[in-house]
Trainee: 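Before I ask anything, here is the structure I am working with.
Letters go in sequence order (proteins before strands), and every chain restarts at 1. Worth knowing before you read on, the calculation uses all heavy atoms, side chains too, and leaves out hydrogens, waters and symmetry mates.
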Amino acid sequence: MSKRIKVIDIFTASVDQNYTVMGWVRTFRNNQFISVNDGSCLANLQVVADSDKMGEDLTKRITSGAGISISGKLIVSQGKGQSVELIAEQIEILGDCDPETYPIQLKNRPSLEYLREIAHLRFRTNAFGAIFRVRHALAYGIHKFFNDRGFFYMHSPIITASDAEGAGEMFQVTTLNLKDVPKNEDGSVNFKEDFFEKHTNLTVSGQLEAELAALALGQVYTFGPTFRAENSNTTRHLAEFWMIEPEVAFNDLDDNMDLAEDMLKYLIQYALDHCAEDLAFLEQRLLDEEKNKPQAERSEMSLLQKLNFCLEHPFERVSYTEAIEILKNSKPNKRGQFQYPVDKWGADLQSEHERYLVEKHFKKPVILTNYPKDIKAFYMRMNDDNNTVRAMDVLFPGIGEIIGGSQREERMEVLLNRMQEMHIPADEMSWFLDTRKYGSVPHAGFGLGFERLVLFVTGMTNIRDVIPFPRFPGSAEF
RNA sequence: GCCCCCUUAGCUCAGUCGGUUAGAGCGACGGACUGUUAAUCCGCAGGUCCCAGGUUCAAGUCCUGGAGGGGGCGCCA
């Protein structure tokens, strides 16, 4: 048997040579043509088989989804539609696939909703193959972007005793027997008996740990799983997701915005450069899906147009105060079309307001800055007006907030004041506050929701479709 | 957590005002077919109408409750 070659490589391999290809059958046409996919790329390899030579028994086992190995000679294709094809000399069924029960036939049209319920098999479809190859490219691109800029990849802890970050509800981590929980005399749980001898949770953010590293190594980023026990039921929330959190010493808010914009543009370009075939497929998928929608609900731009548009235009940088003025004077606000009317400075922006700014007013990504201190986290740097903080939210069309970040409050006294105001227990945070005690310097960072980026780049609309095994309230299948 | 919608064949969906034996396309299965491209053509089978109650002479259709799914909002990345 000749050496095995992947489908992606065979398209550029020398013809008139013998190769072995292993993959899964997509279709079998005319008792002669087997489309084989091995996941290395979107395209299938056309295998030309002689059913007389194969015999009836083998022919019957070539069904959609079957695992198969083919050895033969690669030739310039005798038909249209592909450059090369493999003339089968030897075919072996590696794994049979019962067509009566196999739920994915290429000619079928299973919905995304249905595929979500068979998440273990949806990898076999063109769409999810494309999505997860793009997801990989983006993950790799993130490491490359930061590595090329001299950042250090920092692993922040997944289990943490800190629950003072205020970033959301946390999942508890415990080895205590829940049927017989050890109690203190006052009836509270005795965590001294627990594995870590204290109350621990899954992390909701690696930021505070990243700050410690940045204030020594200069430029760091984390990229790891993040857990929020919020009861969020939306197309943009997961209970378990991946987050990228760069943190840079000596950066101010403007540097932070530059880094965020550079990074997003780099990653979009990286996907365009390395996933052209998959993105073209996803673009077509989106067009097909939107054919059934009324004109008004269709996207103004195709997927590739949208991605290129983001690359070509600078993100709009607007302060919260300016945004409120725009919203106050906007048509939908004056006509009472907002569910939450915009009337006074200080209120948090609702997603309908963010969508208006991004999708209607500016029609491009927007970075909102300098929010009122009362609606932002304790660690954000106070401006001289004593009223706003150096926060930034990057808003993308269709996604909403893709990045949230800020310049950090490096002044110990101001930080302590803010913690007191917001009831953050400073005594539990001494490890964090020590950075402000010993050689504190200005610094800034942000968090990028990885799945929200994948959503945007793939043109998908539900975040559960861009992570292999989605976890959300009421569901931790597979 | 709140609001709205959906659940009929393996998949995607029709099913009129509550009225006879439940409909289509695709898939699967049987057959034909050696240059097909989601192949095509012929044939055939396939139903707990999500579940449990209720109203009615009669329920896929109406009512109540439950389960599962989807979308919107809130929280956020």
Trainee: Rounded to the nearest Å, what distance is computed from the CD atom of residue A:Gln32 to the P atom of nucleotide B:U40?
Mentor: 16 Å

Trainee: Specify the separation, in whole Å, of atom CG of A:Asp98 and atom P of B:G10.
Mentor: 14 Å

Trainee: Check the side chains of A:Asn256 and A:Arg390 for a donor-acceptor pair under 3.5 angstrom, ignoring hydrogens and angles.
Mentor: no

Trainee: Does a side-chain N or O of A:Ser111 approach OP1 or OP2 of B:U12 to a distance below 4.0 Å, or not?
Mentor: yes

Trainee: Decide yes or no, distance alone: a donor-acceptor N/O pair under 3.5 angstrom between the base of B:C33 and the side-chain of A:Arg29.
Mentor: no

Trainee: Taking OP1 and OP2 of B:G69, is either one under 4.0 Å from a side-chain nitrogen or oxygen of A:Arg464?
Mentor: no

Trainee: Taking atom P in both B:C11 and B:C51, compute the distance separating them and give it to the nearest angstrom.
Mentor: 15 Å

Trainee: Determine the interatomic distance between C1' on B:G25 and the same-named atom on B:G15; round to the nearest Å.
Mentor: 15 Å

Trainee: On RNA chain B, compare the nucleotides closest to A:Asn31 and A:Gln82; which residue's is nearer the 5' end?
Mentor: A:Asn31

Trainee: Do A:Arg236 and A:Thr234 pair up side chain to side chain, a donor and an acceptor below 3.5 Å, judged on atom types alone?
Mentor: no

Trainee: Stepwise, does the salt bridge (charged side-chain N to carboxylate O under 4.0 Å, His left out) test hold for A:Asp278 with A:Arg285?
Mentor: CA-CA 10 Å; A:Asp278 288 322; A:Arg285 197 202 69 82; over 6 Å; no

Trainee: Is there a Watson-Crick or G-U wobble partner for B:C2 with both distances under 3.5 Å, and if so, which one is it?
Mentor: B:G72

Trainee: Does OP1 or OP2 of B:A77 have a side-chain N or O of A:Thr226 closer than 4.0 Å?
Mentor: no

Trainee: Round to a whole Å and report the spacing from CZ of A:Arg109 to C1' of B:U12.
Mentor: 10 Å

Trainee: Of all the choices, B:G1, B:A77, B:U36, which nucleotide is nearest to the side chain of A:Phe33 once you look at every atom?
Mentor: B:U36

Trainee: Could you tell me which nucleotide pairs with B:G10 by Watson-Crick or G-U wobble geometry, both distances under 3.5 Å, or answer none if nothing does?
Mentor: B:C26

Trainee: Please determine if a side-chain N or O atom of A:Asn108 lies less than 4.0 Å away from the OP1 or OP2 oxygen of B:A38.
Mentor: no

Trainee: Quantified in whole Å, what is the C1' atom distance between nucleotide B:G72 and nucleotide B:G65?
Mentor: 25 Å

Trainee: Quick one: A:Gln46 CD to B:U34 P, roughly how many Å, whole number?
Mentor: 16 Å

Trainee: Hey, are A:Gln105 and A:Arg26 close enough side-chain-wise for a donor-acceptor pair under 3.5 Å?
Mentor: no

Trainee: Would A:Phe241 count as stacking on B:A77 if stacking means ring centres less than 5.5 angstrom apart and planes tilted under 30 degrees?
Mentor: yes

Trainee: Let me spell it out: for each of A:Tyr340 and A:Trp242, pick the nucleotide of RNA chain B with the closest heavy atom. Which residue's pick is nearer the 5' end?
Mentor: A:Tyr340

Trainee: Hey, does the side-chain of A:Glu113 have a donor or acceptor N/O within less than 3.5 Å of a partner on the base of B:U7?
Mentor: no

Trainee: Between B:A38 atom P and A:Ile104 atom CD1, what is the distance in whole Å?
Mentor: 18 Å

Trainee: Between B:C2 and B:G46, how far apart are the two P atoms, rounded to whole Å?
Mentor: 45 Å

Trainee: Taking atom P in both B:C62 and B:C5, what distance in whole Å separates the two?
Mentor: 13 Å

Trainee: Does A:Ser232 get its side chain close enough to the base of B:C76, under 3.5 Å, for a donor-acceptor pair?
Mentor: no

Trainee: Side-chain N or O of A:Arg26 versus OP1/OP2 of B:U36: is the shortest distance under 4.0 Å?
Mentor: no

Trainee: Test A:Phe132 against A:Phe123 for ring pair (Phe, Tyr, Trp, His ring centres under 6.0 Å), laying out the working first.
Mentor: CA-CA 8 Å; A:Phe132 292 121; A:Phe123 290 108; 5.1 Å; yes

Trainee: Say we look at B:A9 and B:C57: how far apart would their P atoms be, to the nearest angstrom?
Mentor: 31 Å

Trainee: Hey, is the side chain of A:Lys107 poking within less than 4.0 Å of OP1 or OP2 on B:C26, counting only N and O atoms?
Mentor: no

Trainee: Can you check whether any acceptor in the base of B:G35 is under 3.5 Å from a donor in the side chain of A:Glu85, or vice versa?
Mentor: yes

Trainee: So what's B:U64 paired with, Watson-Crick or G-U wobble, going by both distances under 3.5 Å?
Mentor: B:A52

Trainee: For a quick check under 3.5 Å, do A:Asn333 and A:Gln337 share a side-chain donor-acceptor pair by atom type?
Mentor: no

Trainee: Strictly by modelled atom types, are A:Tyr371 and A:Asp393 linked by a side-chain donor-acceptor pair under 3.5 Å?
Mentor: yes

Trainee: Does B:A38 have OP1 or OP2 sitting under 4.0 Å from an N or O in the side chain of A:Gln105?
Mentor: no

Trainee: Starting from P on B:C76, measure out to CZ on A:Arg452 and report it in whole angstrom.
Mentor: 11 Å

Trainee: With a 3.5 angstrom cut-off on both distances, give the Watson-Crick or G-U wobble partner of B:U20, or none if there isn't one.
Mentor: none

Trainee: Taking the P atom in each of B:G70 and B:U8, what is the distance between them to the nearest angstrom?
Mentor: 14 Å

Trainee: With both distances under 3.5 Å as the test, what is the Watson-Crick or G-U wobble partner of B:A32?
Mentor: B:U40

Trainee: Counting Watson-Crick and G-U wobble pairs only, both distances under 3.5 Å, name the nucleotide matched with B:A45, or none.
Mentor: none

Trainee: Atom CZ of A:Phe28 to atom C1' of B:A28: distance rounded to whole Å?
Mentor: 16 Å

Trainee: Check whether any side-chain nitrogen or oxygen of A:Ser351 sits under 4.0 Å from OP1 or OP2 of B:C73, and answer yes or no.
Mentor: yes

Trainee: For B:C33, does either OP1 or OP2 sit under 4.0 Å from a side-chain N or O belonging to A:Asn30?
Mentor: no

Trainee: If we take the P atom in both B:C42 and B:C63, what is their distance in whole Å?
Mentor: 43 Å

Trainee: Do A:Glu56 and A:Thr59 meet the criterion of a side-chain donor-acceptor pair at a distance under 3.5 Å?
Mentor: no

Trainee: From CZ of A:Arg236 over to C1' of B:G71, roughly how many Å is that when rounded to an integer?
Mentor: 11 Å

